[in-house]
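On a predicted model such as this, the values are computed, not experimentally measured, just so you know.
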Amino acid sequence: MASAPRSTPKPAEKPRAWQRMLSGRRLDLLDPSPLDIEIEDIAHGLARVARWNGQTIGAHAFSVAQHSLLVEEICRKLAPEWDKKRRLLALLHDAPEYVIGDMISPFKAALGLDYKAFEAKLEAAIHLRFGLPAHPPAVVKGVIKRADIICAYFEATQLAGFSEAEAKRFFGAPPRGLKLKLTPKPTGEVQEAFLKRFRSLLDPA
């Protein structure tokens, strides 16, 4: 008795690697195009991503958008000579998190270099979309990183339950005379503030 012919297995479909944004854009996460990036999507997402995995005090989450506004503000104090493009780089320093979320540093370390490469590719596409260098100069990145750490110190002590001694051990002491008073703000308010600051920095005047 002849055996039944074997059916050819269908090729497995590739998993979906794009995300649909509220703007209608479809962002390919593996090969992001600057043409699929909109600042309204970034502001919307960052205003809804919580810093510290949401483990902060207050009626509202402390969002990445609010953190980004503060880091840009600190950069103005650390480097008052910066032009608008450098300040815009500071405002957008965590922009990839509108897609990938705010992963805490220990988790990033556990994921290793693949995560960093993925984040860098998305960051480059965001920068190109807004007329910025794909890879900022090391000196600019250094100032932004310093501002980021200073902001983290104040977030840790005022919102995330760290003692000052513990925060200094992880983040170092902030510069003398630089003080911040942090209050987590509502999502819509932060989203609008982020967009307003972005537009002021994009304006060449």
Side-chain angles (χ1 to χ4, degrees), residues 19-25 27 32-52 54 56-102 119 122-134 136-137 140-141 143-155 158-160 174 178-205:
Q19 180 177 349
R20 187 186 187 282
M21 302 297 172
L22 288 179
S23 65
R25 298 287 188 182
L27 181 65
S33 167
L35 297 177
D36 290 325
I37 291 166
E38 301 291 349
I39 191 59
E40 290 78 10
D41 292 329
I42 293 174
H44 183 94
L46 294 186
R48 289 160 176 78
V49 175
R51 293 271 293 171
W52 304 91
T56 52
I57 63 171
H60 306 282
F62 186 77
S63 70
V64 174
Q66 189 172 354
H67 163 83
S68 298
L69 285 162
L70 287 167
V71 167
E72 192 268 323
E73 179 184 330
I74 295 169
C75 282
R76 276 180 273 152
K77 296 176 180 178
L78 297 179
E81 76 283 1
W82 274 13
D83 59 15
K84 286 187 174 183
K85 285 201 169 186
R86 290 183 177 91
R87 293 177 184 177
L88 187 56
L89 284 167
L91 183 69
L92 296 174
H93 79 282
D94 277 340
E97 293 178 9
Y98 89 107
V99 173
I100 58 181
D102 180 34
E119 185 179 37
L122 181 54
E123 182 181 65
I126 291 168
H127 287 171
L128 292 173
R129 170 66 178 84
F130 302 118
L132 300 170
V140 173
K141 292 183 72 172
V143 173
I144 295 172
K145 184 62 178 175
R146 175 64 178 142
D148 191 44
I149 292 171
I150 291 169
C151 195
Y153 170 88
F154 287 108
E155 292 170 22
Q158 295 181 29
L159 304 176
L178 198 161
K179 297 185 182 298
L180 297 176
K181 179 62 177 175
L182 308 185
T183 302
K185 296 179 180 178
T187 298
E189 182 180 334
V190 174
Q191 182 174 337
E192 285 304 313
F194 185 93
L195 284 171
K196 183 178 180 180
R197 185 59 183 158
F198 170 85
R199 288 164 183 152
S200 73
L201 292 173
L202 199 63
D203 183 358

Partners of R146 by salt bridge (charged side-chain N to carboxylate O under 4.0 Å, His left out), sequence neighbours excluded?
-> none
Can you list the steps and then say if L46 with S63 is a side-chain contact (heavy atoms from CB on, under 4.5 Å)?
-> CA-CA 7 Å; L46 294 186; S63 70; over 6 Å; no
May I ask you to decide if A95's main-chain N or O and E123's side chain share a donor-acceptor pair within less than 3.5 Å?
-> no
Pairwise salt bridge (charged side-chain N to carboxylate O under 4.0 Å, His left out) hits with a residue in residues 58-80, at least two apart = E72-R76, E72-R197, E73-K77
Looking at CD1 of I57 and OG1 of T183, how far apart are the two atoms once the value is rounded to the nearest 0.5 Å?
-> 8.5 Å
List for me each residue that meets side-chain contact (heavy atoms from CB on, under 4.5 Å) alongside E38, sequence neighbours excluded, and say none if there are none.
-> S23, R25, E40, D41, R129
Decide yes or no on side-chain contact (heavy atoms from CB on, under 4.5 Å) for L122 and E119, but give the supporting numbers first.
-> CA-CA 5 Å; L122 181 54; E119 185 179 37; 6.0 Å; no
Would you find a donor on one side and an acceptor on the other, under 3.5 Å apart, between the side chain of K185 and the backbone of H60?
-> no
Residue from I150, D148, D94 passing side chain to side chain contact (heavy atoms under 4.5 Å, CB included) with V71 = D148
Of R86, R87, K85, the one forming a salt bridge (Lys or Arg N to Asp or Glu O under 4.0 Å) with D83 is R86
With sequence neighbours excluded, give me every salt bridge (charged side-chain N to carboxylate O under 4.0 Å, His left out) pair touching residues 58-70.
-> none
Looking at residues at least two apart in the chain, or sitting in another chain, which of them share a side chain to side chain donor-acceptor pair (under 3.5 Å) with E155?
-> R51, W52, H67
Residues passing the ring-ring contact (aromatic ring centres under 6.0 Å, His included) test with F198, sequence neighbours excluded, are F130
Apply side-chain contact (heavy atoms from CB on, under 4.5 Å) to H44 and list each qualifying residue two or more places apart in sequence or on a separate chain.
-> L22, R48, Q191
Return the set of residues passing side-chain contact (heavy atoms from CB on, under 4.5 Å) with A134 (not counting sequence neighbours), or none when no residue passes.
-> A124, L128
side-chain contact (heavy atoms from CB on, under 4.5 Å) between D36 and M21, intermediate numbers included | CA-CA 9 Å; D36 290 325; M21 302 297 172; over 6 Å; no
Do W82 and V143 touch side chain to side chain, with heavy atoms closer than 4.5 Å?
-> yes
Determine yes or no for a side-chain-to-main-chain donor-acceptor pair under 3.5 angstrom, with H127 supplying the side chain and P133 the backbone.
-> yes
Can you name the residues that form a side-chain contact (heavy atoms from CB on, under 4.5 Å) with K141, not counting sequence neighbours?
-> P136
Check whether any side-chain heavy atom of Y98 lies under 4.5 Å from a side-chain heavy atom of I126, and answer yes or no.
-> yes
Minimum side-chain heavy-atom gap L92-F194 below 4.5 Å | yes
